Protein chains: 2
Amino acid sequence: MTTIKDVARIAGVSIASVSRVINNGPKVSKATIEKVNKVMQELGYTPNANARALVTRKSMTIGVVIPELTDPFFASLASGVDKVARENNMQLLLSTAGQSVESERAAINLLLERRCQTVVMHSKIIPDCELITLCEKLPGLVLINRHIEQIKHKCIWLDNEEGAKIAARHLMTLKHKNIACISSKYQIEDPALRLNGFSAELNMAGSPISPALIKYAEPTLQGGQSAAQNLLASGQPFSAIFVYNDAMAIGAISTLEDNGYKVPGDVSVIGFDDVLIARYSRPKLTTLNYPIEKMAQHAAQLALTHFKNEIVESVSHSEHKYLPRLVKRESTSIKNSP
Amino acid sequence: MTTIKDVARIAGVSIASVSRVINNGPKVSKATIEKVNKVMQELGYTPNANARALVTRKSMTIGVVIPELTDPFFASLASGVDKVARENNMQLLLSTAGQSVESERAAINLLLERRCQTVVMHSKIIPDCELITLCEKLPGLVLINRHIEQIKHKCIWLDNEEGAKIAARHLMTLKHKNIACISSKYQIEDPALRLNGFSAELNMAGSPISPALIKYAEPTLQGGQSAAQNLLASGQPFSAIFVYNDAMAIGAISTLEDNGYKVPGDVSVIGFDDVLIARYSRPKLTTLNYPIEKMAQHAAQLALTHFKNEIVESVSHSEHKYLPRLVKRESTSIKNSP
DNA sequence: TTGAAAGCGTTACCAC
DNA sequence: GTGGTAACGCTTTCAA
């Protein structure tokens, strides 16, 4: 590869001058600029980002830690960060973390080795205290979808509980009384929060949810199918279901229809997340929109701000909580009079 | 940040020794290893990957160039490359390229600056000749979903035409005679190849496709809906549709059903790609599986091989063509006797 | 088995 | 305006 030295030699100027041209430095004559640019062109010179990072101590990269890329939810997250990176002439360094503490640690470590001072991390496994420590070592770290009180100004998260309450109100507005729930048996936090919020709201309205109408399964299409199966098998009457996520909701709908129930005619179904498939299902899914891409952009901006130390009081003390938005589509409707 | 010097000083050994410990170098006494490891631990030392890349001239990264991340197809591509990267202790450097020549060039350039010698690129815009030149500069470059004869040993692509033929045969096996097509009006290559293959196969079977039964639209859900609308409005009879991709196929199905046609009862619909939504639609979509993640893994491996110069005759002369696989689900069935 | 020292390709400071 | 040069943090000879 040609280096800055080659360019300098052939252009007949010093290395320093070439560097100035590259960086639009001040005090360079037009003649030099043109001469150098011409030589760089001819030689196909490409500056070495590693060398630059070494001396400037700036890697010009934004890191993202996510469990995996194939889940559209995480792809959107990464995409949001990517947008901010591009706006700031930085590049995306992706580190997939899988599902274990060790691999989450390894993922963040790779970013540290690359001296990536700005990172957006989605971590559900590493314990709070460890993340708090990490934040000191890496000021430009922002957590997404996790709320840790001590570092809340570096956390961007969604109010799952409130989202569930919105869903509850929506279904009650539609006159539903016997409402079932399908929840996930994994991931401690989110499912629990959603279920809590939902039943709290029903309690408040004076029509508590019947324990027999809560089913747990894998958070997948198949999980939704089997949970709906169980619900049907229970013999309990219900006219609506609040489902943990969209994939399960679509699974539930397919089971319901296979058993002769119309959605939303006989049973209303509401999902959560508003991922891609929600718009492609039939009936189109009513769900709660989780603005993950927007949140990720916010997170990246915030990480940049923290890294640059431009923290003002307003930022360092404010919470960054998002609220899901109800998206009414076709899978919920007013209760049929029986 | 603590450096190798700090570690050396505190451990009371030379920089060279610390380096040897870090790299599991040969000829280091057990005592030194332990001493150094202890100090590294205490200091929370993290080696600087940029400095290492500079001196070793190896960046330990695999680059990926894709138009965007939110399309599940490209997310799978990136994910395939990521898997290979992890297996080889390398990291993913992602460069999104958007939809213009300039931004495709910029994307690859960022990778060059980072001295990323292994890259998998999805490019539909940059002209062949430019890519051929680029391949000389970047021996570890592999193109995915593009076939350029002069560098075919560095191309991994899918046989779109043959895929379309498989679809045609499937529909003919199901006794369909009047078959419609919905194609995309964008992206020069893929849609044309698919349509060509499809009509060629029907021609061979002696029942050429009627031009009135070919509609073009945006390659989206909405595009599929409007194309199906047009098809219905044409008044021409048809009992099956070959659709450019899954999103359009699902759009077409919704329009058909909204107009009282049952799928597959009245009309069979077959998609292409087998992306996530194909499994979530109702009826589940019959489609052609495009093994993009597997292809991406292959591409990454191949890029690694080319970079390491481990090219053997068999690799440098063979084609890397993939065939889509028919996935029979619920949206196609044998033609109803009218 | 260990250490000294010469780079790797840049930037940035300091003279001129 | 321009050029010389000391870092940046690390690997890798080469001697000892």
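Given the structure is predicted, the values throughout are model-derived calculations rather than measurements.
- Using a 4.0 Å cut-off, some side-chain N or O of Thr32(B) falls inside it from OP1 or OP2 of dT2(C).
- Listed by first then second residue, pairs satisfying ring pair (Phe, Tyr, Trp, His ring centres under 6.0 Å) with a partner in residues 47-103 of chain B read Phe73(B)-Tyr290(B), Phe74(B)-His122(B), not counting sequence neighbours.
- Aromatic ring centres of His306(A) and His153(A) lie closer together than 6.0 Å.
- Phosphate proximity of dT11(C) to Thr56(A): absent, as no side-chain N or O sits under 4.0 Å from OP1 or OP2.
- The distance from atom NZ of Lys35(B) to atom P of dG3(C) is 8 Å, rounded to the nearest whole Å.
- Atom P of nucleotide dT10(C) and atom CG of Asp6(A) are separated by 9 Å, given to the nearest angstrom.
- Here dT10(C) is the nucleotide among dG3(C), dT11(C), dT10(C) with the atom lying nearest to any side-chain atom of Asn48(A).
- Applying the 4.0 Å criterion to OP1 and OP2 of dC8(C), one finds that Lys5(A) has a side-chain N or O inside that range.
- For the pair Ile15(A) and Lys30(A), nearest-nucleotide mapping onto DNA chain D gives the more 5' position to Lys30(A).
- The distance between atom CG of Leu54(A) and atom C1' of dC8(C), rounded to the nearest whole Å, is 9 Å.
- For DNA chain D, the outermost nucleotides in 5' to 3' order that have an atom under 4.0 Å from a heavy atom of chain A are dG1(D) to dG9(D).
- Applying the 4.0 Å criterion to OP1 and OP2 of dT2(C), one finds that Ser14(B) has every side-chain N and O outside that range.
- Checking Glu104(A) against Ser123(A) by side-chain atom types alone, a donor-acceptor pair falls below 3.5 Å.
- In this model, no donor atom of one side chain and acceptor atom of the other lie less than 3.5 Å apart for Thr61(A) and Arg114(A).
- Atom CZ in Arg115(B) sits about 8 Å away from atom P in dG9(C), given to the nearest Å.
- If you measure from atom CG of Asn23(A) to atom C1' of dC13(C), you get 15 Å, rounded to the nearest angstrom.
- Here the P atom of nucleotide dG9(C) and the CE atom of Met1(A) are 10 Å apart, to the nearest Å.
- Side chain to side chain, Ser79(A) and Ser76(A) fail the donor-acceptor criterion of an N or O pair below 3.5 Å.
- A salt bridge is defined here as a Lys NZ or Arg NE, NH1 or NH2 lying under 4.0 Å from an Asp or Glu carboxylate O, and Arg146(A) with Glu189(A) fails to meet this definition.
- Among the atoms of the strands shown, only primed sugar atoms or phosphate atoms (P, OP1, OP2) are found under 4.0 Å from some heavy atom of Ser29(B).
- The nearest heavy atom of DNA chain C to Ile4(A) and to Arg20(A) marks one nucleotide each, and the one closer to the 5' end goes with Ile4(A).
- In this structure, Pro47(B) reaches the sugar-phosphate backbone alone: every heavy-atom distance under 4.0 Å involves primed, P, OP1 or OP2 atoms, never a base.
- Comparing Lys27(B) and Thr46(A) along DNA chain C, the residue whose closest nucleotide (by nearest heavy atom) sits nearer the 5' end is Lys27(B).
- The residue Asn50(A) sits apart from the nucleic acid: no heavy atom pair falls under 4.0 Å.
- Side-chain contact, Asn23(B) with Arg52(B): a donor N or O sits under 3.5 Å from an acceptor N or O.
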